[in-house]
Amino acid sequence: MQKPKDVNTRGTAVRPSVQIMGTSASATSQAAPFAPTHQADHQGNGMAEHRRFLQSVNIRNSKAKSIITNKVAPVVITKNCREEFQIHDKIQSANYSMGRISDLLPEHYLVLGEFFMVQDVYNRADVLNTTKSHGSPNFRKVKGNYPLFGMGQPSLSGFKQVLQRLQIDGCEEVIFICLREEPVVFFRSDGDFIPYTPRGRENLHENLHDLDRELSAEQIELSIRKELCDFAKLSENMFYVYNDIEHFKDEPQQVQILSEEDIHVTEEVYKRPLFSQPLHRYYRLPLPMEGAPLEETFDAFVNILRETPNLSLMRDSSRPLPALLFSCQVGVGRTNLGLILGAIVFHRLQGASKSPRHEIQKSEHKLDFQVIQLLISRLPKGQQVLDEVDDAVAMCSEMHNIKNAVYENKLKLEGIGEDYQIQGSSTKGYFLQRTLQSLERYVYLLIFNAYLHDQYPQAFPQNFSQWLCMNAWIYRLLASMDSSELSAPASLITDGIRVLVSSEFLATDLLSTAKEMKVANFRRVSKMALYGMAQPNSEALAVVMSYLTDQRRGHSTILWLNLQEELVLEANGQMFTPREPGCLEQPIPVCVQHPQQLQEMELALKQDVLRCEKWLEVITEQDKQMRMFKTCHTIEELFVHQKSIHPSLSYQRIPMSDCCAPKEEVFDHLLEAMKSSLAENPKCAFIFNCHNGKDRTTAAMVIATLTLWHINGFPECEEDEIVSVPDAKYTKGEFEVVMQVVRVLPDGHRVKREVDVALDVVSETMTPMHYHLREIIISTYRQIKMAKSEADAQWLRLRSLQYLERYIYLILFNCYLHLEKKDSWRRSFSQWMYQVAARAGVYAILNHLGFSEFENPDDSPMARLRFRWLPHSVQSIPMRGQLI
């Protein structure tokens, strides 16, 4: 999945930051002698009414007694001298833009600086042909006996007709939910108000999406109305709109705008008719066109349930359920999602729908994705949760089946043989994103149903966002949704699709140890049997083992922990890892459920390389070369050979992600491995390696240092020295969010201080690297201002947040070691995090992670667990396997 983009919501203009499928309209700026009225305060209702009156008055033809001009505005005194008011009839607009769809069509003003107003729903969109009979396109009731209705966008008269229809059908209470995130305005036409939406020139069929998060759709609609009124004043009370965007026959059309009452916003269309129906209510719940809604959207839906007594489990069962009516543009995608949510809610209230089973046919396509299987295996009543959602999907599938959408997107993805580019984008990448988005939408329905199972009986003491933070393991699971690398063919190297890159190219020997130890960045923590290094080959492994077991050191028991999550192979005595030719420095991590899967994939790669018997292109420290490999070994085979020479050697692989906080289970595996080895020999030595011996190796060495201190005793911690350097406070890790966590933890200041000492001790072993796991946080954040592009700035922001989160995780792990020591850490760190730390609000803090000293954390989506925990890369890597 693509990483979400930061949305810059700073600034004074009201014009929203928007994105459309296509480029923005070409426009020419028109200089006008007035300031933008769309910057006006929408809350000045009295002034707005006054302006509407003035707009309907032709001052030149009025019978005003006198007009007195001044520097502010003309003052009108009426004939009977009973009323006096100022005229603001000159529009204050300096930067309104003009444009045209083509050279054959007239130029006119553009809404929000770049958009054309297009009739919202075209006739062919009404597949069910219900506009005339019911008042809206694609109006329907779901299968079964639930009072659930969906429809497309109606006009004002059409909406009144829909309400009358529901009343005739016996619906006493109606909850109408508009699911549109894009702005919609309604123009007066033949006694009705017809919906129009702003769209870009390059794709007039696509509505705006990804709107400015600081402005609601209602606020944007009000801004548009202000602009339209101004445009009409500048154009003899007329404005151009488009009805036929297929053939442009008789286009554009002119609409007359005399006052704001000639234009309605969505709220006016839907709320005004409800005054005659006291039991009817209206909500706007913006849903995205693709993918799962944000947690706040689910929270807003839950608030609707909370506010509706007749949707409570304590409801009067003698009363009929309220009708839920959902609407989007054409009544298909988002309406379908709303209907499924409603069906899940009614299932919790009434049990399964009483319709005959043959009426509700489940999708023939079973979704056997790994993420779904893992999710239902961990959720309480997981299979029941799944079955209920599948029933709801089938019940609401008259126009769209969300499971079929996942299946069909996956088929299209798998049907692409050789990837190709369309408008500079990868076709396979496009369909991969579509598949993951539709899968994410389905998975979130499962999660929301699990939430209802847990929270509905308790009347929702937690909203959905809070509940997910209490079950943060779900975010970890969602982050592994794309496991396609697991099924990537072993022949990618021999087919010339990927290349082998040597460890010398990837790992710079900053500590100058390769000459003596034959491996880059070899080091030891002072006075401890803890070592770290880059990935060794067979020669380096032999040298290191001889070094560790010689008379001076004499380690009789050694545990070697490999932290690599990439495939690694020794060929002709040199270490290589597969990479994409276009991005050699971009790692290709493999998301595995068990480390043995990596060994199996490396074995398959080895066999394919030996079997091909041809020259292969490789990247070495010097340049590209062609090599014929006669010998190949997997990492595990190297250690099996060394174990035959040094029986005291044990080897484990614990894959760890680079540059970010280790997953909770990684802490578990590291601690368990150390406990087992120390139980056999309290003087066991521990060796860690990753590809370059820097980031992951250092983090693991700090974890090991803290663990050994808890077992063997802490060294004396000196008092914090006063440091007078720039950013000293932040160099010491005293960020607001860190101190917020410290205040929550028992004896938090001491826990943090111990971590800081461990970081300093480990960093002393790598001084030439100028690398410190705590100090790198602020140094990375400070680089954002110097970034050459917005993409670079976003990447640096993500990295600084990941470093910050890793530092917090080390503090949390040290707290866990303190609190669970009395029970010999029988409860794992992951269990402690989900059972103890989550209840103390730790994940809620991590879900708003940021540098609040300098900016609002919530301005970046990376502040959220949902987005920060996704796999990220500087360059996107082509998909080489299949979704599983």
In terms of heavy-atom contacts, Leu439 and Val371 come closest through CD2-CG1, 4.1 Å
Assess whether a salt bridge exists between Lys606 and Glu637, defined as any Lys/Arg side-chain N lying under 4.0 Å from an Asp/Glu carboxylate O. yes
Any ion pair linking Arg579 and Glu566 (charged N to carboxylate O, less than 4.0 Å)? yes
One should read off an interatomic distance between Leu559 CG and Ile687 CD1, to the nearest 0.5 angstrom, of 7.5 Å
Do Phe639 and His633 have side chains that approach each other closer than 4.5 Å (heavy atoms only, starting at C-beta)? no
Just one of Phe667, Tyr816, Phe813 clears the ring pair (Phe, Tyr, Trp, His ring centres under 6.0 Å) bar with Trp832, so which one? Tyr816
I'd like to know if Arg866 and Glu440 make a salt bridge, using a cut-off of under 4.0 Å between side-chain N and carboxylate O. yes
Against the six-membered ring of Trp473, is Arg378 placed for a cation-pi contact (under 6.0 Å from the centre, within 45° of the normal)? yes
Arg696 NZ/CZ over Phe688 ring centroid, <6.0 Å and within 45° of normal: no
If you measure from the Lys or Arg side-chain nitrogens to the Asp or Glu carboxylate oxygens, is any gap between Arg797 and Asp792 under 4.0 Å? no
Considering only NZ, NE, NH1 and NH2 on the basic side and carboxylate oxygens on the acidic side, decide whether Glu414 and Lys428 come within less than 4.0 Å. no
To the nearest 0.5 Å, atom CE of Met528 lies from atom CG of Leu708 at 4.5 Å
So which heavy atom on Ala863 is nearest to which on Arg868, and how close? O-NH1, 2.8 Å
Is any side-chain N of the basic residue among Arg498 and Glu485 closer than 4.0 Å to the acidic one's carboxylate O? yes
Please determine whether a side-chain nitrogen of the Lys or Arg among Asp760 and Arg774 lies less than 4.0 Å from a carboxylate oxygen of the Asp or Glu. yes
